[in-house]
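For reference, the structure discussed in these notes is given below.
Quantities reported herein were computed from a predicted structural model and do not represent experimental measurements. Here, residue 1 is the first one in the sequence, and each next residue gets the next number.
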Amino acid sequence: MTLRLSDEESEQLAALAAAEGRSSEEILRLALAERWSKLHKQQQIGDVLERILPRYQGLLERLGTG
C-alpha cells in the first residue's frame, strides 16, 4: 500500500512518531485502530437507541411537551 501525504502531514507524522518512540507505520496502525473502535462504538450506540427509543417514545414526548 502506498500512502501519499503532504509535506506537512509527513512532518507531523514524523514528529508524532519521534515523540512517542514509535515507527510511522505503528502510529498509522494505531490511528486506524482508534478510528475503527470509535466507529464501532457509535454503531453500537445507534443499535441500542433503535431498540430502546420506541419503547419510551410516549414518555419522551410527554416530557418534551411539559
Under a single-linkage definition using a 4.5 Å side-chain heavy-atom cutoff for Ile, Leu, Val, Met, Phe, Trp and Tyr, are Leu60 and Leu49 assigned to the same hydrophobic cluster?
yes
Taking all non-hydrogen atoms of both residues into account, name the closest pair between Ala17 and Ser23 and its distance.
CB-C, 4.0 Å
Just wondering, are more than 12 heavy atoms of other shown residues or ligands nearer than 6.0 Å to CD in Glu8?
no
Heavy atoms, side chains only, cut-off 4.5 Å: are Arg51 and Asp47 in contact?
yes
Could you check whether atom CG of Asp7 has more than 12 heavy atoms from other residues, nucleotides or ligands sitting under 6.0 Å from it?
no
Do you reckon Leu3 sits in the same ILVMFWY cluster as Leu13, going by side-chain contacts under 4.5 Å, direct or chained?
yes
For Arg22, check salt bridge (Lys or Arg N to Asp or Glu O under 4.0 Å) against everything at least two apart and list the hits.
Glu20, Glu26
Nearest 0.5 Å please: distance from the CG atom of Leu5 over to the CG atom of Leu28.
7.0 Å
Taking salt bridge (Lys or Arg N to Asp or Glu O under 4.0 Å) as the definition, give me every residue that meets it alongside Glu25, ordered by chain and number, with sequence neighbours left out.
none
CD1 of Ile45 to CD of Glu50: how many Å apart, nearest 0.5 Å?
12.5 Å
Supply the atom-to-atom distance Gln44 CD to Gln42 CD, rounded to the nearest 0.5 angstrom.
11.0 Å
Distance check, rounded to the nearest 0.5 Å: Gln57 atom CD versus Arg62 atom CZ?
10.5 Å
Val48 reachable from Leu59 in the ILVMFWY side-chain graph, under 4.5 Å edges
yes
